[in-house]
2 protein chains.
Amino acid sequence: MQQEKPRRSNRERSDTTRAAILDAARDLFIAKGYADTATPDIVAAAGLTRGALYHHFEDKKALFRAVLEREAGHVAAAIELSDRGQGSPRDALLTGASAYFDAMSIPGRVRLLLLDGPAVLGVAEIAAIDAAHGGRTLREGLAAAMPPGRLDGAGLTATAVLLSAAFDRAVLEIDAGAARDPYLGAIGRLIDGLTGR
Amino acid sequence: MQQEKPRRSNRERSDTTRAAILDAARDLFIAKGYADTATPDIVAAAGLTRGALYHHFEDKKALFRAVLEREAGHVAAAIELSDRGQGSPRDALLTGASAYFDAMSIPGRVRLLLLDGPAVLGVAEIAAIDAAHGGRTLREGLAAAMPPGRLDGAGLTATAVLLSAAFDRAVLEIDAGAARDPYLGAIGRLIDGLTGR
DNA sequence: CTAACTAACATACAGGCTGTATGTATGCAA
DNA sequence: TTGCATACATACAGCCTGTATGTTAGTTAG
């Protein structure tokens, strides 16, 4: 019974352990929240020790940030993918909202991105994270759907931000057990009201 | 130099120390956040020891909850107070929004009620807290301002929840340094769109 | 090919924090 | 005034984070 020596390159080793730590951390952050998740538990779940964690990440918060960035990337990719529809600007907004609902219905994403994220990293950093992953789309979609010339840049930005907040709250409520249809309907009413029916 | 013996009743002692702990905790939770605030620091600021804290509160989270409830009460009271205007339902909504903006501009309230609160206590408990302090008003105000019969109960509730989310995000942005006017304007546009101009 | 260096971990340690258990003094009630 | 309960203070155990140090394996210079 000769043991198979892995003989992997350093790069491979780093990548796999990094991924293992990220996966385990994600699961535990989702299950118990950031504060109640201990680094010994994370590395135990990944079959490693805390030495590996602190070799790859500066501290627990940096690990959390890495988990969030990966998750935000997945959400952005899912929305991007659904963007092929070329209906009216109004329909494009509703399609995007629906895709956002779908993407955020993956268990744990609400907690990661909308609850623990802002509290642990602060609003500025969270805004930076999902701005880096395509936060422009909503503002542009809204600009396309609004009657032109009625809104200056600041007004448009503020409106897009508030609409995004409505999206977030909707997925929060749905995640907490609320029905999806009333919130998708309410989003539609908000959009229709803004774009002038 | 005879020392003046306080000779206070037990009830008095409890009330003052409870208040002292709540005050000190509020200041530190605001300044450093819930997670980075240590109970030794809280009681040191209050001139007491941890024994007093754990005598009056079950644990750190319960203390935080008590701080939040007091703060939510102040916000609700401020809004209630501004509610005397009996203009159109639409104006009443905008007046309420403005009052909410004012109330939440007290430093630290955004962090307490909108960032740390949901993350530490969970959305359900936060919802319960500000439902207990008059969360009905927005739904009722919206019902009065909307054209009647166009919305069932679930739709109205969802719309009110999303509008409330927009309020929250607006004060978050303003708290983070954004200008107030664009957001008050955006709120107005949302309301006008919902109520059919 | 090998010696030196470095990356990728594991192990050990120091400080701090939370929650609890225990001790003490003061108000209160019989 | 005697006994009990309330309002604290003090002491302790366990856990967690971040760092410092040790060890093994991969990489590179000569």
Side-chain angles (χ1 to χ4, degrees), chain A residues 2-29 31-68 116 119-121, chain B residues 2-29 31-68 116 119-121:
Chain A
Q2 180 74 345
Q3 268 296 68
E4 199 66 29
K5 277 270 186 66
R7 181 61 185 175
R8 294 182 302 169
S9 81
N10 262 351
R11 177 62 181 273
E12 277 176 311
R13 263 164 52 98
S14 277
D15 286 354
T16 59
T17 65
R18 228 186 113 91
I21 293 173
L22 282 173
D23 288 342
R26 199 200 92 107
D27 289 349
L28 287 168
F29 286 153
K32 321 199 317 182
Y34 174 82
D36 290 344
T37 297
T39 53
D41 292 349
I42 295 174
V43 293
L48 296 163
T49 66
R50 286 171 13 96
L53 195 161
Y54 280 90
H55 176 73
H56 285 283
F57 302 94
E58 189 179 346
D59 56 9
K60 189 185 169 188
K61 201 181 284 189
L63 168 61
F64 183 65
R65 193 177 308 131
V67 169
L68 279 203
D116 284 356
V120 173
L121 300 180
Chain B
Q2 181 75 344
Q3 270 296 68
E4 199 66 29
K5 278 270 185 65
R7 183 61 184 176
R8 295 181 301 169
S9 83
N10 261 351
R11 178 62 181 272
E12 276 177 311
R13 263 164 50 100
S14 278
D15 287 352
T16 59
T17 65
R18 229 186 113 90
I21 293 175
L22 282 172
D23 288 342
R26 199 200 91 108
D27 289 350
L28 287 169
F29 286 153
K32 320 197 321 179
Y34 175 82
D36 291 343
T37 297
T39 53
D41 292 350
I42 295 174
V43 293
L48 296 163
T49 66
R50 287 172 11 97
L53 195 161
Y54 280 88
H55 175 73
H56 284 283
F57 302 94
E58 189 179 345
D59 55 9
K60 190 185 169 188
K61 200 181 285 190
L63 168 60
F64 184 66
R65 192 177 309 131
V67 169
L68 279 204
D116 285 355
V120 173
L121 300 180

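Here is the naming used below: chain letters follow the sequence lines, and residue numbers restart at 1 for every chain.
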By a strict heavy-atom criterion of less than 4.0 Å, which residues belonging to residues 45-52 of chain B are in contact with DNA chain C? B/Arg50

Looking only at C/dG19, C/dA7, D/dT6, the nucleotide nearest the A/Asn10 side chain is C/dA7

Hey, what bend do you get for the helix from C/dC1-D/dG30 to C/dA30-D/dT1 if you fit axes on five pairs at each end, rounded to 10°? 10°

Closest heavy-atom pair and its distance - A/Glu58, A/Ala62: N-CB, 4.0 Å

Rounded to the nearest Å, what distance is computed from the CD1 atom of residue B/Ile42 to the C1' atom of nucleotide C/dG19? 14 Å

Would you check if B/Asp23 and B/Arg26 make a side-chain contact, meaning some heavy-atom pair closer than 4.5 Å? no

So, for B/Ala46 and B/Ala20, which heavy atoms are closest and what is the spacing to 0.1 Å? CB-O, 3.8 Å

Sorted by number, the residues of residues 33-41 of chain A with heavy-atom contact under 4.0 Å to DNA chain D: A/Thr37, A/Ala38, A/Thr39, A/Pro40

Which class fits the ring pair B/Phe29 and B/Tyr34: parallel under 30°, tilted 30 to 60°, perpendicular over 60°? tilted

Contacts of type side-chain hydrogen bond (donor to acceptor under 3.5 Å, both in side chains), residue B/Asp27, not counting sequence neighbours: none

Could you tell me the separation between the CZ atom of A/Arg8 and the C1' atom of D/dT24, rounded to a whole number of Å? 14 Å

Within residues 12-26 of chain A, the residues having a heavy atom closer than 4.0 Å to DNA chain C are A/Arg13, A/Ser14, A/Thr17

Might you work through the side-chain contact (heavy atoms from CB on, under 4.5 Å) test for A/Asn10 and A/Arg13, ending with a clear yes or no? CA-CA 5 Å; A/Asn10 262 351; A/Arg13 263 164 52 98; 4.1 Å; yes

Does a side-chain N or O of A/His55 approach OP1 or OP2 of C/dA8 to a distance below 4.0 Å, or not? yes

Here the residues of residues 56-67 of chain A within 4.0 Å heavy-atom distance, strictly under, of DNA chain D are A/Asp59, A/Lys60

Of all the heavy-atom pairs spanning A/Ala119 and B/Ala119, show the shortest one and how long it is. CB-CB, 3.4 Å

Once rounded to the nearest 0.5 Å, what's the spacing between atom CZ of B/Arg50 and atom CD1 of B/Ile21? 11.5 Å

State, yes or no, whether a side-chain contact exists between B/Asp116 and B/Phe64 at a heavy-atom distance under 4.5 Å. yes

Let me know the distance between CZ of B/Arg11 and P of D/dA7, rounded to the nearest Å. 10 Å

Could you check whether any side-chain heavy atom of B/His55 comes within less than 4.5 Å of a side-chain heavy atom of B/Thr17, counting everything from C-beta outward? no

Calculate the interatomic distance between A/Tyr54 atom OH and D/dC16 atom C1'; express it in whole Å. 9 Å

Within-4.5 Å side-chain heavy-atom neighbours: B/Leu22 and B/Leu63: yes

Taking C-beta and beyond as the side chain, do A/Ile42 and A/Lys60 meet within less than 4.5 Å on heavy atoms? no

Determine whether A/Leu53 and A/Leu48 make a side-chain contact, defined as any pair of heavy atoms from C-beta on separated by less than 4.5 Å. no

